[in-house]
Student: 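A single structure is presented below for examination.
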Amino acid sequence: MSLVSVHNEWDPLEEAIVGIADGARVPSPDRGLFAIDYADDVQHLADIPSGPYHPRVIEEANEDLEGFVALLRGEGVTVRRPSATDHTKPFGTPDWTADGEYNYCPRDVLLTVGQTVIEVPMTLRTRYFEPFAYREILLDYFDSGAKWFSAPKPQLPDSTYRVAPESGAVLANHEPVFDAANVLRLGRDILYQVSCSGNEYGYRWLQRVLGDEYRVHALSGVYDGTHIDTTITPVRPGLVVLNPERVREDQLPPVFKNWDIIWTPEMADTGYSGPFPRGSLWMGMNFVMVNPDLAVVGETQLPLIRALEKHGVTVAPLRLRHPRTLSGGFHCVSLDVRRRGGLEDYS
């Protein structure tokens, strides 16, 4: 039986991958890095550091991840971890060279839908070979009967990226390019955020690969930044958390038309290490559901915790000290591989 089976963001979790902070670093200067991760600081590009994060950041991040893993295992979840990688080694194509970043956010790299796992055509050159850290895990999933696809490797020429454009998209539409964290699964409905970390070609490729069993909805004009999970976080059927700075009521995807909405309250700032953050304040709403009644939320996000509890959700508040530094909350640092439950239509 396939070890990969997941249809939504909330069914009882049985197996997950959780990232590691070992070797995490800021990659060398690169056009994509400037356009996507540091667009708000374009006037300070010369000051953007490259190299390893401070050892304290790595140590504390790994401590916090271990606490998360312990909670998941205590809930009966099988947890796997990626292999450590030397991210300082250069790599490239005939058109460019780069070095690596980290294995902290498996949610960005791999997309699980049904019994299928997809290595996505990631946006940043610096993360081009990041799926290799999961190769042994993917082989186990394949041997269990899972479908395993790798999207076409993008060429990512310089013309892919527009640094701080006054108008128009940051990410060009030359070829399929998207991060897995641009996608949310709601049974037969799949939300795909068109933004600086996912283009229109990527949406079309994903719909064609998944086939008629799924309806992939392209969300355009909602949020042009990276990833959807600091904008929309489904809790369970009929309940969703939305970012009030990015989503208007007239922009709601049709699947949510009869759902209750929690408009995210003010976020507690966890701060960041270094001169520039790589994640926004909204990392606080980047939480993960262990089952429809249990959410793992950053312990400092007390207004959000209270809002969830008012809707009958039990919250496990956990420490996560560097979500803005490393650009990853509990949803980002985990990938749900198997959840108990079948494919349903929630719209």
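The structure displayed is predicted, hence computed values, not measured ones.
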Student: Go through it in stages, so that I can follow the logic: the residues are Leu308 and Ile262, the test is side-chain contact (heavy atoms from CB on, under 4.5 Å), and I'd like the CA-CA distance, side-chain angles, deciding distance and then a yes or no.
Tutor: CA-CA 8 Å; Leu308 288 167; Ile262 298 175; 4.0 Å; yes
Student: Looking at Arg81 and Glu66, is any side-chain nitrogen of the basic one under 4.0 Å from a carboxylate oxygen of the acidic one?
Tutor: yes
Student: State plainly whether the residues Arg125 and Asp158 are in salt-bridge range, i.e. N to O under 4.0 Å.
Tutor: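 Result for this pair is yes, salt bridge flagged.
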Student: Just jot down the ring-ring contact (aromatic ring centres under 6.0 Å, His included) partners of Tyr223, sequence neighbours excluded, or say none.
Tutor: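 Partners of Tyr223 by the ring-ring contact (aromatic ring centres under 6.0 Å, His included) criterion come out as none, since no residue qualifies.
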Student: State whether Lys153 and Glu119 are salt-bridged, where the test is any N-O pair (Lys NZ or Arg NE/NH1/NH2 against Asp/Glu carboxylate O) under 4.0 Å.
Tutor: no
Student: Aromatic ring centroids of Phe178 and Tyr192 under 6.0 Å?
Tutor: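 When the ring centroids of Phe178 and Tyr192 are compared, they turn out to be within the sub-6.0 Å range.
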Student: So, using ring-ring contact (aromatic ring centres under 6.0 Å, His included) as the criterion, who are the partners of Phe91 when residues are at least two apart?
Tutor: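 Testing Phe91 for ring-ring contact (aromatic ring centres under 6.0 Å, His included), a comparison that skips the adjacent residues, returns Phe129.
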Student: Verify the ring-centre separation between Tyr128 and Trp96: is it less than 6.0 angstrom?
Tutor: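 Here the rings of Tyr128 and Trp96 have centres that are less than 6.0 Å from each other.
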Student: Only counting residues at least two apart or in another chain, list the ones meeting side chain to side chain contact (heavy atoms under 4.5 Å, CB included) with Thr314.
Tutor: Leu294
Student: Compute whether any side-chain donor of one residue and acceptor of the other, for Thr270 and Arg324, lie under 3.5 angstrom apart.
Tutor: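 There is no such pair between these side chains.
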Student: Run the side-chain hydrogen bond (donor to acceptor under 3.5 Å, both in side chains) test on Asn243 and Thr264 for me, step by step, so that the C-alpha distance in whole Å, both residues' side-chain angles and the decisive distance to 0.1 Å come before the verdict.
Tutor: CA-CA 5 Å; Asn243 185 324; Thr264 310; 5.9 Å; no
Student: Are Met285 and Asp229 side-chain neighbours, meaning at least one heavy-atom pair lies under 4.5 Å?
Tutor: no
Student: Using 4.0 Å as the upper bound for N to carboxylate O, is an ion pair formed by Asp99 and Lys89?
Tutor: no
Student: With a 4.0 Å cut-off, would you call Glu60 and Arg56 a salt bridge?
Tutor: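 Yes, charged N to carboxylate O under 4.0 Å.
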Student: Can you sort out the partners of Arg306 under salt bridge (Lys or Arg N to Asp or Glu O under 4.0 Å), two or more places apart, ordered by chain and number?
Tutor: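 For Arg306 there are no salt bridge (Lys or Arg N to Asp or Glu O under 4.0 Å) partners, ignoring immediate neighbours.
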Student: Which pairs, with at least one residue in residues 178-191 and sequence neighbours excluded, count as a side chain to side chain donor-acceptor pair (under 3.5 Å)?
Tutor: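 Counting only pairs at least two positions apart or across chains, the side chain to side chain donor-acceptor pair (under 3.5 Å) contacts touching residues 178-191 are Glu9-Arg185, Thr112-Arg185, Thr123-Asp179, Asp179-His227, Asn182-Ser195, Asn182-Ser197, Arg185-Asp336, Asp189-Arg215, Asp189-His217, Asp189-Ser347.
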Student: For Glu309, look at atom CD and say whether over 12 heavy atoms of other residues, nucleotides or ligands are found less than 6.0 Å away.
Tutor: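 Count over threshold, so yes.
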Student: Do we see a donor-acceptor contact under 3.5 Å between the side chains of Thr300 and Arg319?
Tutor: no
Student: Identify whether the distance between the nearest side-chain nitrogen and carboxylate oxygen of Glu15 and Arg80 falls below 4.0 Å.
Tutor: yes
Student: How would you list all residue pairs meeting ring-ring contact (aromatic ring centres under 6.0 Å, His included) that involve residues 305-347, not counting sequence neighbours?
Tutor: Trp10-Tyr346, Phe68-Phe330
Student: If you round to the nearest 0.5 Å, how far is CG of Asp11 from OG of Ser5?
Tutor: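 Between Ser5 OG and Asp11 CG, I get 9.0 Å after rounding to 0.5 Å.
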Student: Around atom CG of Asp86, are there more than 12 heavy atoms from other residues, nucleotides or ligands closer than 6.0 Å?
Tutor: yes
Student: Aromatic rings Phe256 and Trp259: how do their planes relate, parallel, tilted or perpendicular, breaks at 30° and 60°?
Tutor: perpendicular
Student: Are there over 12 heavy-atom neighbours, none belonging to Gln207, within less than 6.0 Å of that residue's CD?
Tutor: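 For Gln207, atom CD is crowded (more than 12 foreign heavy atoms under 6.0 Å).
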